[in-house]
Amino acid sequence: MATHPPEPFRIKMVEPIQLIDKKSRETALQRAGYNIFGLKSDEVFVDLLTDSGTGAMSQDQWSGIMLGDESYAGARSYQRLSETIKEIFGFKHFVPTHQGRAAENILCAVILKEGQYVPSNMHFDTTEGNIRARGGRPVNLVCEEAFCDDPDVPFKGNMDLEKLENFIQEVGVENIPLGMITITNNAGGGQPVSLENLRGVSKIYKKYAIPFFIDACRYAENAYFIKVREPGYEEKSTLEIAREIFALADGATMSAKKDAIVNIGGFLACNDPALFEKIKNECILREGFITYGGLAGRDLDAIAVGLREGLQEDYLAYRLGQTRYLVERLKEEGVPVIEPAGGHAVYINAGKLLPHIPQGEYPGQALTVAMYREGAIRGVELGSVAFGHPDPDTGEMVYPEMDLVRLALPRRTYTQSHLDYVVKVLGSIVKQAKDLRGFRITYQPPLMRHFSCTFEPL
Ligand SMILES: Cc1ncc(COP(=O)(O)O)c(C=O)c1O
């Protein structure tokens with residue numbers, strides 16, 4: 001029978017949750033325009049919308065908060081974070097930011113010009129949004145295996161190195177102001193990238209003198225995947241692996257709301273002093289002085305502690321065990337899931353579960369609504385709603401390869417019984433799958449539409 005390693009913590013404080021009745025759920029859905037971002041948290045029983053900023057901080061992080069130094073400049077909290085970032089990431093410079101997208105915004109502001117390209121394995125939506133907002137073009141060059149059904153491919157987040165080199169030659173190095181890679185690959189199933197692949201990517205970017213930035217949100221989960229899946233790394237600590245990863249890059253964007261297990265925060269790091277000069281100015285303009293970014297001193301302390309806790313190997317074994325457990329149990333119920341299990345989330349292939357709903361009628365949206373209606377579970381569509389966009393040259397709609405629904409697991413928050421409840425609800429949805437219908441969008445903003453668009457059922 002499937003199970004996962006026991007939680008390497010016990011619970012000292014609890015937050016009540018309640019399951020509202022079916023009629024109230026229907027009313028909530030209609031009020032929200034069938035967009036689960038419009039639901040109130042009290043209307044949700046198990047909230048798997050995101051693992052971002054939703055984790056439970058530890059006693060050491062809460063103690064760190066009490067030590068927060070709120071000085072405007074040069075706070076002790078900044079020094080503590082600075083030491084931690086040096087130790088784990090090794091970059092020469094950094095600024096704190098209020099979250100990951102703020103780091104992306106600053107980076108794009110200082111490095112990107114209209115019409116230029118930014119390759120990656122797969123950009124997350126905020127990265128895509130920030131690149132597009134500056135007139136740039138995000139390009140996804142993940143390996144072909146990312147979309148295959150084989151559950152034994154260990155590093156589906158890898159970049160296709162041949163495609164990367166061809167792409168650089170095709171559009172010209174002068175049109176690529178930076179290259180990225182996302183670890184783990186959130187938009188592609190939370191799948192990890194191997195160190196071998198990271199070395200290959202770094203070598204190509206170096207060859208063409210393209211600055212290499214890592215989207216590092218889930219660096220600790222990626223490091224643990226390397227430890228357990230990549231030959232030669234079994235005996236290395238996750239800290240040693242993390243150092244090896246970041247030594248290959250010129251900088252990183254980080255949302256601390258993920259693997260630093262805090263509720264808010266992030267940073268932008270780099271090695272190039274000239275680039276850092278520009279970053280500092282942009283940070284002061286947009287976020288705040290360079291020793292606090294958009295954060296309070298206490299937030300910086302919580303991040304400093306969380307960055308180390310996120311790397312603890314008993315915690316990572318339990319954490320990745322949870323996603324693996326959910327994948328195994330969902331498969332038993334006939335739910336098509338991306339395999340192998342990713343780090344922070346389980347991804348359901350809604351296109352496969354609901355083949356009668358075409359991409360333009362949003363199968364992922366249909367499943368997301370069904371999960372809420374059936375069990376007050378909140379997941380998020382990562383398919384044609386989140387990533388569908390008009391082609392900048394032809395205006396024709398371009399849809400992603402897969403219509404996924406992501407069930408993200410907040411860190412140290414839900415127990416195995418919560419996961420069993422999710423399995424039960426999805427099991428009953430599978431039985432009524434052929435009766436589910438698609439949706440039509442009734443309102444959408446120009447960028448990142450899935451956060452605020454509204455729908456009507458077809
Ligand atoms: C891979 C990745 N990059 C960037 C971000 C943006 O971070 P934030 O939500 O802190 O702005 C996220 C958030 O989910 C992410 O998963």
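Residue numbers start at 1 and run along the sequence shown. First listed ligand is number 1; within each ligand, the first listed atom is number 1.
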Exercise. Tell me the salt bridge (Lys or Arg N to Asp or Glu O under 4.0 Å) pairs involving residues 285-298, sequence neighbours left out?
Worked result: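 Those involving residues 285-298 are Glu70-Arg298, Glu282-Arg286.
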
Problem set entry | Where at least one partner belongs to residues 401-411, residue pairs that pass salt bridge (Lys or Arg N to Asp or Glu O under 4.0 Å), sequence neighbours excluded |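 Applying salt bridge (Lys or Arg N to Asp or Glu O under 4.0 Å) to every pair that reaches into residues 401-411, excluding sequence neighbours, yields Asp51-Arg411, Glu221-Arg411, Asp259-Arg411.
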
Problem set entry | N/O donor-acceptor pair under 3.5 Å between His4 side chain and Thr323 backbone | no

Show which side-chain atoms of residues 261-269 pair as donor or acceptor with protein atoms under 3.5 Å away, not counting sequence neighbours.
residue: Asn263; atom: ND2; partner: Gly53; partner atom: O; Å: 2.9
residue: Asn263; atom: ND2; partner: Gly55; partner atom: O; Å: 3.4

For this session: Would you check ligand 1 and list the protein residues that come within less than 4.0 Å of it by any heavy atom, ordered by chain and number?
Result: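 Heavy-atom contacts below 4.0 Å: Ser52, Gln99, Gly100, Arg101, Glu104, Phe124, Thr126, Thr182, Asn186, Asp215, Cys217, Arg218, Ser255, Lys257, Lys258.
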
Exercise. With the threshold set at 4.0 Å, does a side-chain nitrogen-carboxylate oxygen contact exist between Asp152 and Arg229?
Worked result: no

Exercise. Below 4.0 angstrom, N of the basic side chain to O of the carboxylate: do Glu277 and Lys280 qualify?
Worked result: yes

